[in-house]
Protein chains: 2
Amino acid sequence: MKIEPELCKVEDALGILVGKWKPIILLNLLKEGTQRFSELKRSMPGITQKMLTKQLRELEKEDIIDRVVYPQVPPKVEYSISEYGKSLEPILAAMHEWGMKHTLHKRKKMEQKIQ
Amino acid sequence: MKIEPELCKVEDALGILVGKWKPIILLNLLKEGTQRFSELKRSMPGITQKMLTKQLRELEKEDIIDRVVYPQVPPKVEYSISEYGKSLEPILAAMHEWGMKHTLHKRKKMEQKIQ
DNA sequence: CGGTATCCAAAGAGATACTG
DNA sequence: CAGTATCTCTTTGGATACCG
């Protein structure tokens, strides 16, 4: 472990990933590629338009995703992971893997309580 | 990328790591080993007693850290990373590494704006 | 020393309605 | 279609005081 707490940049990564919907948005774009606003919304049941817009704006601001507007009627806006954004994939993968283990861990703990 | 967004467990890992102070607490315990409440507090200027207690309780509940109370006066309580908690280290390391890159990325972006 | 309890401000998040 | 705007509720986080 060579991380100096004083110089810790973990917060920076957390700042990008945190937000109830950001990981799922990123995972969606990584998996499905370029997607329209409405496609993203459909794939995230429960999210409101306001929240989706907000999260997308924040990710765009950090250069994690690209936003392309087609000046036409009806409007068409496409979102995709930027090259830079792809560098987050290892983190998402590591978190997913750990999350799987954690699910098992919690199950074991529950079973112990029952007995 | 084999992560199915529908089965996504990234949130679980995020749930553990999120909180203004959790990463720095974990980093501290990983680096310094067992520490007393007051030592932890000293190494995190700005944190309040209430917040430190709260974060520690949450981490303890998820079995990420161990809490040992010595029944003596004045009280002594020691915190340490659990075996299970150590499995989070790769994630913290990955986030730290990414955070370092991100710091550079932001600097470049600023320089471009200035010119 | 290592906490609780209480109060309060700020940020996050949801519902709903409206618009170019 | 892809958003704003507004209002409200909930969650976080900070300040302060007190306790075993």
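Given the structure is predicted, the values throughout are model-derived calculations rather than measurements. When reading the values below, keep in mind they use all heavy atoms of this one structure, side chains included, and skip hydrogens, waters and symmetry mates. Each chain gets a letter, A, B and so on, in the order its sequence line appears, and its residues count up from 1.
At D:dC1, none of the side-chain N or O atoms of A:Y79 fall inside 4.0 Å of OP1 or OP2 (strictly under the cut-off). Considering only side-chain N and O atoms, A:W21 lies under 4.0 angstrom from the phosphate OP1 or OP2 of C:dG14. Put simply, A:R36 has a side-chain N or O that comes within less than 4.0 Å of OP1 or OP2 on D:dA2.
Atom CG of B:L27 sits about 10.5 Å away from atom CD of B:E32, to the nearest 0.5 Å. Separating the CD1 atom in B:I24 from the CG atom in B:L92 is a distance of 10.0 Å, to the nearest 0.5 Å.
Protein atom CD of A:E78 is 15 Å distant from nucleotide atom P of D:dC1, rounded to whole Å. Put simply, CD on B:E11 is 11 Å from P on C:dA13, counting in whole angstrom units.
Salt-bridge check for B:R42 with B:E39: failed, with every basic side-chain N at 4.0 Å or more from each acidic carboxylate O.
Closest approach of B:E11 to A:K20, counting heavy atoms only: OE2-O, 3.5 Å.
Within residues 43-57 of chain A, the residues approached by DNA chain C to less than 4.0 Å at the level of any non-hydrogen atom are A:T48, A:K50, A:M51, in residue-number order. The stretch residues 65-77 of chain A touches DNA chain D through A:R67, A:P74, A:P75, A:K76, A:V77, each having a heavy atom under 4.0 angstrom from the strand.
Residue B:E58 places its CD atom among more than 12 non-hydrogen atoms of other residues, nucleotides or ligands, all under 6.0 Å distant.
A:Q49 places a side-chain heavy atom less than 4.5 Å from the side chain of A:K41.
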Practice task
Test salt bridge (Lys or Arg N to Asp or Glu O under 4.0 Å) on B:K106 and A:D63 and set out the steps.
Solution key: CA-CA 9 Å; B:K106 282 193 292 190; A:D63 301 325; over 6 Å; no
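Checking C:dA13, D:dG3, C:dG2 against the side-chain heavy atoms of A:K20 singles out C:dA13 as nearest.
Sorted by first and then second residue, the ring-ring contact (aromatic ring centres under 6.0 Å, His included) pairs with a member in residues 51-92 of chain A read A:Y84-B:W98, A:Y84-B:H102, A:Y84-B:H105; sequence neighbours excluded.
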